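This report refers to the structure that appears directly beneath it.
Position 1 is the first residue of the sequence; numbering continues from there. Just so it is clear, the model here is predicted, and its values are computed rather than measured.
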Amino acid sequence: MHAHDHSDDHGHDGSSHHGHSHGVSRNADKRWLTLALALLLAFMVAEVVVGIMARSLALISDAGHMLTDVGSIALALFAIRMAARPAHGRYTFGFKRVEILSAQANGLTLLLLAAWFVYEAIQRLITPPPVQGSLMTLVAIAGIVVNLAVVWIMGKANRQSLNIQGSYAHILNDLYAFIATAVAGGLIWLTGWDRFDAIAALVVAALMLKAGIELVRASGRIFLEASPKNLDPAAVRASILATAGVTAVNDLHIWEVTSGFPALSGHIFVRPEDDCHGKRRELETMLRDGYGIEHATLQMDHARDSSRLVTGCRHDAA
């Protein structure tokens, strides 16, 4: 059998094929994320203090959600630094999948915090403590302003990365949570019915559950080496078989090394009269242009006929 390493043909040296997925440079991402981190950290500390003063579970749950925002962005910055390290030794893909570990940690944190806030909110629905609605409303409105600023900042970073997308999901959900908290605070201020605080906390928990499930599911797909959501392996196989001269496809695998970095490997058989290395180059172009797969490892062999496959791939004269 003849397996061919095609990295030299296209200049893919292990550092280049991931670059196409990053419309924004890693350095730009780091600058925007650091600015967002500083804003959130300052507001989170203020919100915890006011939440305790106002006895508002909704504000404290917002602060808890914001803590996961801060942790999320800190992890994102760490993951960007790790993912940029070159491949070496036993880590032949480098540390790119640290981004996915970060996204999964964010998702699990959201799920755990959501469960705790649901429990606390139910307790407060049964026996609600007095809540200062006016203070709660003012802080929530300030939180909306801060989160809008952070959403704009995060929009500048590369959200194709699941890692940064995870951080962005945290911020966006926190914005919705602050809106719910502001509404609840206004209603408590007007009516004096303290249970609106617990209801707002349940809304926050529901948003956290949704975001957490989506992040765990998306990162889990990559860890289980499922094909990317936008790539149908059956369609890719059909496209390969539709290429003139290809007689069979075996051991076709499509997976993601990290978000935005699809990879493919397969054993391709071509007609005896065809140049299998020429066909390999043709297939690489089709996979890159048609499916965005730049990292394709294709083992090429000749077939005697459709029922008898043989190994060995001769070099035809150009």
If I compare all heavy atoms of [X] with all of [Y], which pair ends up nearest, and what's the gap?
X      : Y      : value
Glu47  : Leu59  : OE2-O, 3.2 Å
Asp274 : Gly245 : OD2-CA, 3.3 Å
Met286 : Thr243 : CE-OG1, 4.3 Å
Phe117 : Ala205 : CB-CB, 4.2 Å
Ala63  : Met44  : O-CG, 3.8 Å
Met136 : Ala184 : CE-CB, 3.8 Å

Residue from Asp197, Asp194, Thr137 passing side-chain hydrogen bond (donor to acceptor under 3.5 Å, both in side chains) with Ser56: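 One option only clears the test, and that one is Asp197.
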Worked check of side chain to side chain contact (heavy atoms under 4.5 Å, CB included) between Leu283 and Met300: CA-CA 11 Å; Leu283 287 170; Met300 307 298 294; 4.2 Å; yes
Testing Leu241, Leu287, Val249 for side-chain contact (heavy atoms from CB on, under 4.5 Å) with Val236, which one passes?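 When side-chain contact (heavy atoms from CB on, under 4.5 Å) is applied between Val236 and each of Leu241, Leu287, Val249, only Leu287 qualifies.
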For the side-chain contact (heavy atoms from CB on, under 4.5 Å) test, which of Val145, Ile144, Val151 pairs with Leu148?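 Answer after filtering Val145, Ile144, Val151: Ile144.
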Determine, using the 4.5 Å side-chain heavy-atom cutoff (strictly less than), whether [X] and [Y] are members of one ILVMFWY cluster.
X      : Y      : answer
Ile222 : Ile213 : no
Leu101 : Val216 : no
Ile141 : Val139 : no
Leu209 : Val204 : no
Leu57  : Trp189 : no

With the side chain counted from C-beta on, respond yes when [X] and [Y] share a heavy-atom pair under 4.5 Å apart, and no when they do not.
X      : Y      : value
Val257 : His295 : no
Ser265 : Trp255 : yes
Ile268 : Asp301 : no
His253 : Asp251 : yes
Tyr291 : Ser239 : yes
Leu110 : Asn106 : no
Tyr176 : Asn147 : no
Leu252 : Ile240 : yes

I need the [X] [atom1] to [Y] [atom2] distance, nearest 0.5 Å.
X      : Y      : atom1 : atom2 : result
Asp174 : Met66  : CG    : CE    : 4.5 Å
Leu35  : Ile153 : CG    : CD1   : 3.5 Å
Thr34  : Ile73  : OG1   : CD1   : 9.0 Å
Glu256 : Leu224 : CD    : CG    : 12.5 Å
Gln123 : Ile126 : CD    : CD1   : 5.0 Å
Gln104 : Thr109 : CD    : OG1   : 10.5 Å

[X] side chain to [Y] backbone, donor-acceptor under 3.5 Å:
X      : Y      : result
Arg195 : Leu125 : yes
His302 : Glu273 : no
Asp232 : Ala234 : yes

Among all residues two or more places apart in sequence or in another chain, which pass the ring-ring contact (aromatic ring centres under 6.0 Å, His included) test with Trp193?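 Counting only residues at least two positions away or on another chain, Trp193 forms a ring-ring contact (aromatic ring centres under 6.0 Å, His included) with Phe196.
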Hey, is [atom1] on [X] packed in by over 12 heavy atoms from elsewhere, all under 6.0 Å?
X      : atom1 : answer
Phe223 : CZ    : yes
Arg221 : CZ    : yes
Arg237 : CZ    : yes

Salt bridge [X]-[Y], side-chain N to carboxylate O under 4.0 Å:
X      : Y      : value
Glu120 : Arg124 : no
Glu284 : Arg288 : no
Glu282 : Lys279 : yes

Test side chain to side chain contact (heavy atoms under 4.5 Å, CB included) on Ile122 and Val118; report intermediate values, then the result. CA-CA 6 Å; Ile122 290 170; Val118 166; 3.9 Å; yes
Set out, in order, the CA-CA distance, both residues' side-chain angles and the distance that settles side chain to side chain contact (heavy atoms under 4.5 Å, CB included) for Val270 and Thr247, then state yes or no. CA-CA 5 Å; Val270 300; Thr247 62; 5.8 Å; no
